[in-house]
Amino acid sequence: MLQSHDHKRPESDRSGEEGLADRREECYSREIQEIQSEIAGLRSELRRFIEHANRQHVDAALTGLRREYADLFIEQNLSEADQRLQERMIRDCPMRERCYAAFYEFLKASAEHIRDGEVSEEVVRSYRDRLATMRKGGKLETCATCFTETNRLFEKQLELMRSLGVYRESREASSSVMDLPDEVLVRDILEPLANRHRFRIVQSLATETQTFSTLSTLTDLRGGNLLFHLKKLQDAGMVLQRHERGDYIITEKGYKALTGIGAIYAALRP
């Protein structure tokens, strides 16, 4: 009688094939990790390239804006300074006219730096020292009111220069989160961008200037609603308009705020 035989492979053959499969799987896994690493590197390079290109766009646009509309910026700034000084300086002070002339000339001289490509901290410090010296010469009790207003107008000029990329002071990072100026941060950075319409506006301006009609299409906002959000961004120094009916452009402050939020999102993303 013929006996049936169960033809089974030796255990050594099967273990050898399993070991080969494991090595292949390990090799594939290593290759996949290397590919993923290369992709991550390419994405990082692409992100840096896009940020650099955007920064070049912002710098070029702001340079053109300064050159083309420096006179207009200065004129508007001094017009506001004249109005504020006339309204807020002590009216019945015997030194009013003399002080007004001195304050206005001070603000006029500092406003001229809007034309410059760059204003150093030394220059700004010299203006602060000059104002402090003028303050020491004020002998009346009411002098504080007028000097406070002049200083406020000067700081507003500096804020405009920061927005235009003219003045970039070097600041050391706060040593503690407790040192952060909460009121300023909320008012000037967090609140202006804590709205999807305003955030979308700043995003779109990071790559190119936009017209009012284009921003209206991007945000689905019309007329007064869009103007309201643009005004918020302009007041925060994140957006500028070329002229009364011109295109809108992101400022250096707006660009830095946007890229800062991008870095925070990348760090915290699950």
Side-chain angles (χ1 to χ4, degrees), residues 55 58-59 61-89 99-100 102-136 138 144-174 179-193 202 231-242 249-258 260:
R55 179 55 184 268
V58 172
D59 288 344
L62 288 176
T63 299
L65 189 68
R66 286 196 301 267
R67 290 173 179 171
E68 188 174 358
Y69 297 107
D71 289 342
L72 180 60
F73 284 132
I74 294 172
E75 180 182 348
Q76 288 180 339
N77 184 270
L78 292 179
S79 176
E80 180 182 0
D82 171 65
Q83 180 181 352
R84 294 280 292 272
L85 288 174
Q86 294 285 5
E87 291 176 351
R88 303 194 180 190
M89 288 183 67
C99 289
Y100 167 83
F103 292 150
Y104 187 82
E105 285 303 313
F106 171 86
L107 294 169
K108 182 178 180 181
S110 57
E112 286 294 325
H113 289 288
I114 293 174
R115 303 182 197 278
D116 300 340
E118 184 176 356
V119 176
S120 67
E121 289 194 43
E122 288 73 20
V123 170
V124 174
R125 192 178 302 115
S126 70
Y127 277 95
R128 295 192 193 280
D129 292 343
R130 179 178 166 186
L131 191 59
T133 301
M134 293 169 63
R135 176 66 182 91
K136 289 179 181 178
T145 300
C146 300
F147 275 99
T148 298
E149 184 59 33
T150 303
N151 185 68
R152 186 180 295 116
L153 291 168
F154 176 63
E155 292 297 331
K156 192 165 185 178
Q157 285 183 349
L158 292 182
E159 186 59 37
L160 175 59
M161 292 180 195
R162 291 186 189 98
S163 297
L164 292 171
V166 175
Y167 176 43
R168 303 176 182 179
E169 75 256 64
S170 59
R171 298 176 177 175
E172 296 182 358
S174 297
D179 295 332
L180 296 174
D182 53 351
E183 182 178 350
V184 175
L185 281 173
V186 172
R187 183 190 66 229
D188 295 343
I189 298 177
L190 300 180
E191 195 276 335
L193 293 175
V202 174
K231 182 68 164 50
K232 282 272 190 181
L233 293 170
Q234 287 176 288
D235 289 345
M238 294 187 179
V239 168
L240 286 174
Q241 190 177 19
R242 286 186 180 273
I249 180 174
I250 194 172
T251 66
E252 183 179 18
K253 177 180 178 180
Y255 185 77
K256 285 183 176 179
L258 185 65

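The analysis underlying the following values was restricted to heavy atoms, covering all of them including side chains, and did not include hydrogens, waters or symmetry mates.
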| message | Is there a side-chain contact between K231 and D235 in this structure, where contact means two heavy atoms from C-beta onward sitting under 4.5 Å apart? | response | yes
| message | Nearest 0.5 Å, please: how far is CG in L85 from CG in L107? | response | 6.0 Å
| said: So which atom in L193 and which in A257 form the shortest heavy-atom distance, rounded to 0.1 Å? | reply: CD1-CB, 3.9 Å
| Side-chain contact, heavy-atom cut-off 4.5 Å: F103 with M89? | yes
| task | Rounded to the nearest 0.5 Å, what's the gap from CE on M134 to CG on N151? Could you check? | result | 11.0 Å
| field | Distance, nearest 0.5 Å, that separates NZ of K253 from CG of D188 | value | 4.5 Å
| query | Should E149 and R152 count as an ion pair when the cut-off is N to O under 4.0 Å? | reply | yes
| query | Would a distance-only check, ignoring hydrogens and angles, find a side-chain to backbone donor-acceptor pair under 3.5 Å from S126 to V123? | reply | yes
| When you check the gap from the basic side-chain N to the acidic O, do E87 and R84 get nearer than 4.0 Å? | no
| message | Would you compute the distance between atom CD of E112 and atom CD1 of I114 and round it to the nearest 0.5 angstrom? | response | 8.5 Å
| For F106, which of F147, F154, Y100 qualifies under ring pair (Phe, Tyr, Trp, His ring centres under 6.0 Å)? | F154
| Reported CZ-to-CD distance for the pair R125 and E122, which is rounded to 0.5 angstrom | 5.5 Å
| request: Please name the pair of heavy atoms, one in R162 and one in E252, separated by the smallest distance, quoted to 0.1 Å. | output: O-OE1, 3.7 Å
| message | Counting only heavy atoms from other residues, nucleotides and ligands, does the tally under 6.0 Å from CD of E183 exceed 12? | response | no
| query | Shortest non-hydrogen contact from R130 to A109? | reply | NH1-CB, 4.2 Å
| What distance separates N77 CG from D82 CG, expressed to the nearest 0.5 Å? | 11.5 Å
| task | Check step by step if side chain to side chain contact (heavy atoms under 4.5 Å, CB included) holds for M161 and V124. | result | CA-CA 11 Å; M161 292 180 195; V124 174; 5.9 Å; no
| Which atom names give the shortest non-hydrogen contact between L78 and A111, and what distance separates them? | CD2-CB, 4.1 Å
| message | Walk me through whether K232 and V239 qualify under side chain to side chain contact (heavy atoms under 4.5 Å, CB included). | response | CA-CA 9 Å; K232 282 272 190 181; V239 168; over 6 Å; no
| What closest approach, in Å, do V119 and Y167 show between heavy atoms, and which atom pair accounts for it? | O-CD1, 3.5 Å
| query | Hey, does the side chain of T150 reach the backbone of C146 with a donor-acceptor pair shorter than 3.5 angstrom? | reply | yes
| field | Check: H113 ring centre within less than 6.0 Å of Y127 ring centre | value | yes
| request: State whether R128 and E121 are salt-bridged, where the test is any N-O pair (Lys NZ or Arg NE/NH1/NH2 against Asp/Glu carboxylate O) under 4.0 Å. | output: no
